[in-house]
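Written out below as structure tokens is the structure these notes cover.
None of these values were measured; they are calculated from a predicted model. Order of the sequence lines fixes the chain letters, A, B, ..., with proteins taken first and strands second; residue numbering starts at 1 for each chain.
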Amino acid sequence: MGEAEERTDAASLIDQVPHQPSRGITPMAWALTGAVFGLVITSILVAVSWNRFDEDENRLLSVRVREAGLVVASAVPSIQTPLVSASELSEVTHASLDQFDEFAAAYVGTGRPFVSLSLWPLHGASPIAVAGAQPELARQPTAASALFTRAAATSTLGVIGLLGSSSPRLGYAYVAPGGGSKFAVYAESSLPHDRRSAIASSSVFSDLNYAIFLGRSEAAASLLSTNVPTLPLTGRRYATVVPFGGNEITLEMAPRAILSGALSADIRWILAVVGGAFSLLAGFVVERLLRQRRNAVTLAGQLAGVFQDNKRLLTEQRQLAVNLQHALLPDVLSDVPGAETAARYLPGVLGMEIGGDWYDVIAMGDHKALLVVGDVSGRGLHAATVMASLRFAIRAYAAQHDAPADILTKLSTLMVLEGTDSFATVLCVVVDIGGREMEVANAGHLPPLLVTRDGGDFMPAEVGVPVGVVSTKPYESTVVPLPAEGTLVLYTDGLVERRGEILDAGLARLKAAALAERDASLEDFLTALLRQLTNDDAGDDTALLAVRWQS
Amino acid sequence: MAELEDGSDSMLDITIDREMGGAVVHLTGELDMSNADGLRHALDPFLTVPPDYLVFDLEALAFMDSSGIAVLVEMARVTPVTLRKPSRIISRVIELTGVSDLMPTEP
């Protein structure tokens with residue numbers, strides 16, 4: 001019963017260990033794979049964040065450029081309005097020069113929008129009136145004619161770039177719409193000689209490099225203004241084209257600094273570093289864990305092996321104990337001069353644990369022997385150990401020639417002193433062939449059977465409590481005369497107990513068998529008794545001891 | 001109500017009735033080597049806290065061998081044990097093993 005449970009425990013434990021097929025991939029390989037994987041993920045994240053950052057910067061730049069474009073575009077009305085006013089004035093005053101000059105004074109000169117403001121006939125080649133500097137356009141009558149024609153066709157300004165000479169200028173022409181006008185009003189504002197200008201640091205555009213071109217072309221010839229030493233703008237840049245009068249202005253800008261702020265830029269680096277560090281750390285951890293797991297699996301395998309070993313050892317141990325018990329129980333009994341002795345031991349089939357049955361024959365001098373049979377409660381090694389100590393204690397007491405009752409008393413004291421929870425039934429019989437008497441003391445054991453030529457019966461005797469049980473009643477010896485010849489049989493309850501049966505039935509069976517076989521040799525006698533009384537279902541151990549004498 | 005069944009044959013029913021200070025243990029079935037340990041286990045509380053007395057009702061117990069006696073004797077060490085209505089078979093075993101003084105019988 002115990003062993004079945006044990007097997008299940010061991011088996012279930014083994015089953016709980018996850019079975020790993022043996023892999024050739026080392027933990028280090030896994031760790032490296034993990035780290036590489038982590039680094040790949042990090043790279044992707046960094047790339048994504050870089051991309052995001054890029055997009056953000058572009059977006060911000062485009063917003064700024066369009067802002068700037070709007071600022072540029074909003075310059076048109078401020079240019080257009082005075083020209084419109086001048087035109088209307090001229091129409092109304094029929095090109096009064098004085099009126100024109102008076103009007104123009106507010107708009108021409110240093111610190112004012114224009115360097116030159118002039119009144120032209122619509123198809124004329126040279127101006128009627130000029131306020132401020134001489135218009136550069138006057139040197140290009142063909143260009144002037146074309147410009148005014150263009151201006152007449154639109155309700156807005158005609159814009160021309162006069163960028164070739166040493167004093168580059170931007171020209172604006174206005175002709176009152178409707179076709180009825182005879183005049184064109186023309187203004188020129190000056191561009192920096194090298195088109196370079198710096199944006200005031202207080203300006204909202206101070207963190208941007210710019211290049212402004214007339215028209216759609218970004219050719220150097222079309223450059224109106226820039227704040228960088230060399231063109232084209234490099235790096236991230238954005239260009240917008242804004243309508244400028246009848247023409248267009250291309251505004252291109254590039255950031256001088258990170259537009260979206262330091263964190264946005266740094267986040268990529270933070271990601272890269274942290275991600276990389278984590279990848280390596282994860283790789284390290286993975287390697288450790290896998291190595292531990294590998295060790296655990298190896299250990300589990302070893303444990304499984306240990307369990308198997310344990311099981312085997314336990315089985316061996318039991319077998320050893322059984323063998324030991326057999327060894328303890330003498331096969332060859334002490335020679336008792338004048339008597340013949342024989343014994344049998346039959347381990348019970350219930351459970352594999354050894355029982356506590358024993359027998360012993362102790363020669364006590366001249367034609368005298370102490371026969372002992374006993375049964376320790378319980379099973380297993382503990383019972384066997386108690387049994388062994390009892391056996392040897394009895395030998396010691398016998399050597400002192402203690403009477404059987406005294407032996408039992410001492411045994412009981414011994415067991416109580418030792419504090420074992422066990423107790424034992426013990427039967428001690430001193431067979432004194434020379435003295436022709438027997439002395440019997442019984443501690444809870446079944447009575448011995450005496451068989452002679454004339455018959456046989458169980459020897460009545462006082463039955464005391466098993467040894468190891470505390471009792472007020474002292475053990476008593478019973479002395480009976482010894483017949484001239486006879487066979488005395490001592491046994492344990494395994495021989496006579498049978499389920500569903502009163503014990504007396506088994507005793508009767510023993511008696512009948514003994515009587516029937518009493519003429520056989522002692523060995524055959526015992527064999528026959530065993531055969532007749534036990535069957536294969538015998539659960540309990542059986543010990544059988546017989547002594548035969550003839551005087 | 002505890003039922004003890006070993007992988008093998010014997011069935012033993014144990015019922016424990018607590019009374020004022022003591023207890024009555026009703027045993028039904030068969031008590032032998034295969035389930036004596038189970039009975040011992042069920043009576044463990046009485047070893048730790050011994051009652052004033054312990055009565056074993058053996059009326060329905062059909063069989064008891066030395067292993068059963070052993071358990072009763074163990075109990076008799078710690079508290080007065082009375083065996084109530086043991087069957088003839090069991091009475092005989094009790095007599096033969098010399099424990100009838102240790103554990104008086106109640107018819």
Side-chain angles (χ1 to χ4, degrees), chain A residues 1-2 4-5 348-351 353 355-357 375-380 383 408 416 421-427 441-447 458 461-473 475-476 492-494 496-507 537 539-541, chain B residues 4-12 29-41 43-44 46-48 50 58 60-81 86-104:
Chain A
M1 179 173 70
E5 283 171 4
V349 290
L350 250 189
E353 291 187 313
D357 288 8
D375 182 359
V376 179
S377 66
R379 304 182 73 75
L408 293 182
V416 169
D421 284 336
S422 313
F423 49 85
T425 64
V426 185
L427 176 64
N442 189 342
H445 206 85
L446 292 168
F458 294 97
E462 279 292 326
V463 181
V465 294
V467 298
V469 176
V470 176
S471 170
T472 48
K473 238 178 80 171
Y475 294 104
E476 283 177 23
T492 55
D493 57 9
V496 293
E497 253 178 10
R498 220 175 267 181
R499 195 171 297 271
E501 209 185 56
I502 197 167
L503 206 50
D504 297 276
L507 293 173
D537 299 338
D540 206 352
D541 295 358
Chain B
L4 286 175
E5 190 182 330
D6 190 56
S8 57
D9 27 27
S10 326
M11 274 213 46
L12 179 70
E30 297 177 341
L31 173 56
D32 64 13
M33 253 185 313
S34 64
N35 52 27
D37 273 337
L39 175 60
R40 187 178 279 112
H41 187 69
L43 298 176
D44 246 354
F46 294 133
L47 286 174
T48 4
L58 308 177
L61 193 64
F63 177 82
M64 177 167 69
D65 64 9
S66 50
S67 55
I69 300 267
V71 178
L72 297 183
V73 169
E74 273 171 48
M75 288 298 130
R77 279 194 183 145
V78 300
T79 179
V81 167
S87 66
R88 266 186 63 218
I89 298 176
I90 293 171
S91 300
R92 207 47 193 120
V93 174
I94 292 164
E95 277 174 40
L96 287 168
T97 51
V99 295
S100 48
D101 286 334
L102 193 64
M103 299 186 290

What part of Ala70(B) lies closer than 4.5 angstrom to a heavy atom of chain A: side chain, backbone, both or neither? both
Below 4.5 Å, heavy-atom pairs only: which of Val99(B), Val73(B), Ile69(B) has the largest tally toward chain A? Val73(B)
Taken in chain and number order and not counting sequence neighbours, the residues that satisfy side chain to side chain donor-acceptor pair (under 3.5 Å) with Arg498(A) are none
Within a strict 4.5 Å, meaning less than it, do heavy atoms of the Leu503(A) and Ile89(B) side chains meet? no
